[in-house]
There are 4 protein chains.
Amino acid sequence: MNPPDIQLKSSRRRDAILNALDDALRELPYSQVTIEDIANRAGVGKSTIYRWWKHKSELVLELFKERTETVFDFDFSQSLTYNLTQQLMKLSYSLDSHIGRALMVAMAENRLHSAEFFRQYLRPRREQTLALIHLAIQRGEISAQYDFELMLDSLYAPIHYHVVFFNQQPTSAYIEALVKQILAPIQRSTH
Amino acid sequence: MNPPDIQLKSSRRRDAILNALDDALRELPYSQVTIEDIANRAGVGKSTIYRWWKHKSELVLELFKERTETVFDFDFSQSLTYNLTQQLMKLSYSLDSHIGRALMVAMAENRLHSAEFFRQYLRPRREQTLALIHLAIQRGEISAQYDFELMLDSLYAPIHYHVVFFNQQPTSAYIEALVKQILAPIQRSTH
Amino acid sequence: MNPPDIQLKSSRRRDAILNALDDALRELPYSQVTIEDIANRAGVGKSTIYRWWKHKSELVLELFKERTETVFDFDFSQSLTYNLTQQLMKLSYSLDSHIGRALMVAMAENRLHSAEFFRQYLRPRREQTLALIHLAIQRGEISAQYDFELMLDSLYAPIHYHVVFFNQQPTSAYIEALVKQILAPIQRSTH
Amino acid sequence: MNPPDIQLKSSRRRDAILNALDDALRELPYSQVTIEDIANRAGVGKSTIYRWWKHKSELVLELFKERTETVFDFDFSQSLTYNLTQQLMKLSYSLDSHIGRALMVAMAENRLHSAEFFRQYLRPRREQTLALIHLAIQRGEISAQYDFELMLDSLYAPIHYHVVFFNQQPTSAYIEALVKQILAPIQRSTH
DNA sequence: AGCTAAGCGAGACGGTACGTCAGGTCTTGAC
DNA sequence: GTCAAGACCTGACGTACCGTCTCGCTTAGCT
């Protein structure tokens with residue numbers, strides 16, 4: 001059943017639906033975007049959407065994934081500090097967008113969805129980041145002894161926090177300070 | 001409008017309504033709790049609720065405030081580390097409760113509400129915490145030069161993050177490590 | 001609970017809804033009239049209709065009853081033949097109307113509804129007609145020995161049959177012939 | 001279009017579809033039997049059904065015709081009374097069956113279909129019955145002067161009426177009484 | 001103690017969106 | 001080349017809540 005699933009959902013219809021959702025979220029907040037509205041904008045029947053996605057939140061997650069594919073990409077030729085700063089800036093931008101905000105509402109509304117989001121999306125990206133960190137250790141940029149999971153939380157959490165409670169993405173100065181603060185304890189002097 | 005507001009909302013009716021919401025949230029997630037349900041549980045007409053609260057989210061915020069009054073209280077005779085650790089633990093517990101989760105959904109669903117929540121609730125608590133920090137500086141526990149706003153974010157954000165994405169409150173070990181990590185750069189040796 | 005029921009359903013809203021159904025049935029066949037359409041025409045919410053009537057068919061039955069109240073009335077000063085002929089003509093007219101046709105569809109679609117219709121509506125009218133017959137017997141118009149139930153079927157059934165299968169109400173000549181034929185065996189000579 | 005029609009519709013596919021409808025109607029009332037259900041039961045694509053039949057009602061009519069072919073057959077060696085009684089009994093049985101009830105719903109739902117049914121099915125059968133009546137006249141069983149169309153209505157209509165409104169087929173006693181009553185005025189004494 | 005205006009419960013109301021379902025059309029892949 | 005399988009668009013269904021409203025009935029608080 002996998003091939004037809006891929007076949008059909010990756011058709012032009014899938015794109016039309018995701019684009020429709022994108023458009024709708026530009027105009028209205030997540031809670032006011034209805035499945036019916038999305039269907040109409042996509043020129044698609046409501047049941048076509050329900051056939052492939054159980055909830056509006058799944059649609060949002062899929063849209064977010066697709067539109068933020070490159071957010072977590074690293075440039076391994078650059079330093080850890082640079083990479084983390086860049087990534088957090090792109091993440092800030094993504095979360096503060098119409099899609100990112102919708103995603104956060106969707107995640108908040110349903111524990112299972114947020115768990116799924118973490119498992120499917122955030123965890124793999126954390127793994128990548130951990131890989132980058134290990135590379136930095138090998139390169140001698142940072143020291144090896146540290147609670148890196150806590151470190152990741154300390155990097156990512158404030159970004160979400162800012163977007164949700166301060167209602168805006170953090171400034172680049174803030175992000176730079178954040179990265180600097182978190183990396184300071186393990187940073188090797190770069191004389 | 002203030003006197004009657006206080007008069008009426010502080011009556012047994014107000015309590016009945018908040019208790020009804022509390023009960024309802026124990027059984028159902030925020031999104032599935034309806035105003036009608038709350039009214040029935042409280043033995044109260046729907047319009048009585050709408051008379052005093054515009055949105056379900058306001059009700060939740062009020063309930064959260066009432067039930068977490070002591071969460072941010074400090075014991076100024078104790079050390080900064082101790083106070084922060086205790087506070088974050090109580091915060092973790094509160095956020096991971098049925099009420100805390102409801103609050104976070106309510107905040108996510110509406111930017112204005114989350115801004116309001118920050119202004120009304122979080123900011124004052126941050127001020128208190130800053131006061132505690134300044135006390136610690138005077139006491140010589142920590143050094144004075146620091147971006148304390150960033151520090152506060154770094155303390156509070158991971159707690160929210162854990163509850164939302166890990167679907168559980170952080171362990172006390174985690175919180176201790178977090179506080180230790182954040183305070184390390186400014187901690188004076190306590191010989 | 002009876003008074004409020006009567007109170008509310010006999011309000012101007014009830015009339016608006018029945019009138020809306022009446023209007024709709026003039027334009028569209030029963031199966032194409034939707035509850036939503038009725039609600040819109042009546043300037044009423046869909047749920048108001050569902051609150052009082054379980055099915056579209058109940059609405060139609062109620063409308064039919066209201067609009068055919070006088071169909072079965074007799075003029076006891078007139079002869080049996082006259083009364084039956086008049087009644088069958090009015091019945092023909094009622095059944096061949098937009099409302100009557102809708103009623104017959106509604107009855108056909110659901111055995112329980114047709115049984116209910118018979119019990120609530122047709123049977124009482126048959127009782128009246130039987131009373132008329134007994135009066136005619138006392139008056140000496142007809143003889144007493146007869147299977148009057150069969151007689152009633154023989155009178156009413158062809159009317160329905162004509163409307164359904166011939167797609168038109170029977171002519172007055174037809175009705176007169178029908179009554180004459182059915183009454184002939186028991187008619188006393190009217191010298 | 002006629003040859004392929006005959007060709008294909010008389011194939012095993014046609015039988016499979018009609019049998020599937022038959023089966024389905026045994027389990028569910030007409031309104032709840034869907035084309036999709038029929039197609040699945042028949043192991044046939046939905047479009048195969050739509051290719052040959054425009055509406056569910058046409059399918060039902062075709063099924064009814066096929067399964068009631070002998071209902072109107074006469075035994076010309078027997079009396080008119082006998083033949084009519086037998087025919088009405090078979091008709092009662094047919095109409096009260098799952099297929100007959102489905103047919104009546106289908107007819108009620110659409111005026112054109114009921115007119116078509118009358119033209120295609122009932123009228124030819126009435127012709128046959130009229131032929132039988134003329135034979136009886138020739139045989140001297142009955143007198144010639146009569147409104148035989150009205151007579152046919154008086155015979156057939158009460159059968160439909162009983163099935164629809166009394167929710168059951170008439171008893172054989174009822175049918176015998178009916179035939180007797182209708183024939184009485186023109187019956188020649190059979191001393 | 002009685003009067004009167006408010007607050008109140010109850011729940012009907014006009015709406016909106018839901019998620020399901022069946023109708024009828026169109027596409028695809030296997031045989 | 002035919003046809004089953006089933007995706008698809010459409011539109012009605014009946015439900016659930018929304019937030020507003022009207023209606024009598026408490027029930028204080030003032031006379």
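- Put simply, CD1 on C/Ile17 is 13 Å from P on E/dA12, counting in whole angstrom units.
- Remark: C/Trp52 is in phosphate contact with E/dC13, judged by side-chain N or O atoms under 4.0 Å from OP1 or OP2.
- When all heavy atoms of A/Ala115 and B/Asn167 are compared, the closest pair comes out as CB-ND2, 3.5 Å.
- Counting to the nearest Å, the P atom of F/dC18 and the CD atom of B/Glu58 are 15 Å from each other.
- The distance between atom OH of B/Tyr30 and atom P of F/dC17, rounded to the nearest whole Å, is 14 Å.
- Nearer the 5' end of DNA chain F, as judged by each residue's closest nucleotide, is the contact made by D/Arg51, out of D/Arg51 and A/Gly45.
- Note: C/Phe64 and C/Phe117 have perpendicular aromatic rings, judged against thresholds of 30 and 60 degrees for the angle between ring planes.
- With D/Tyr121 as the aromatic partner, D/Lys65 does not meet the cation-pi criteria of under 6.0 angstrom to the ring centre and within 45 degrees of the ring axis.
- The distance from atom CG of C/Leu28 to atom P of F/dG11 is 14 Å, rounded to the nearest whole Å.
- Going from atom CZ of C/Arg12 over to atom C1' of E/dG14 covers 13 Å, rounded to whole Å.
- For A/Arg13 and F/dA7, the shortest distance from a side-chain N or O to OP1 or OP2 is not below 4.0 Å.
- C/Tyr30 and C/Lys56 make their closest contact through O-NZ, 3.0 Å (heavy atoms, listed as atom of the first residue, atom of the second, distance).
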Hey, what are the protein-to-nucleotides 12-14 of chain F N/O distances that come in under 3.5 Å?
unit_1: F/dC13; atom_1: OP2; unit_2: C/Ile35; atom_2: N; d: 3.3
unit_1: F/dG14; atom_1: OP2; unit_2: C/Tyr50; atom_2: OH; d: 2.7
unit_1: F/dG14; atom_1: N7; unit_2: C/Lys46; atom_2: NZ; d: 3.1
unit_1: F/dG14; atom_1: O6; unit_2: C/Lys46; atom_2: NZ; d: 2.8

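- In this structure, C/Glu109 atom CD and E/dA22 atom C1' are separated by 14 Å, rounded to whole Å.
- Taking the six-membered ring for Trp and the full ring otherwise, the centers of D/His160 and C/Phe165 sit less than 6.0 Å from each other.
- A donor-acceptor contact closer than 3.5 angstrom links the side chains of C/His98 and C/Asp22.
- Straight-line distance from the CG atom of A/Asn40 to the P atom of E/dT16: 15 Å, rounded to whole Å.
- As rounded to whole Å, 11 Å separates atom P of E/dG19 from atom CD1 of A/Ile49.
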Apply salt bridge (charged side-chain N to carboxylate O under 4.0 Å, His left out) to the pair C/Glu27 and C/Arg41, showing each step before the final yes or no.
CA-CA 12 Å; C/Glu27 293 174 20; C/Arg41 286 170 190 261; 2.8 Å; yes
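- B/Ser47 contributes a side-chain N or O that forms a donor-acceptor pair with the base of E/dA10 under 3.5 Å.
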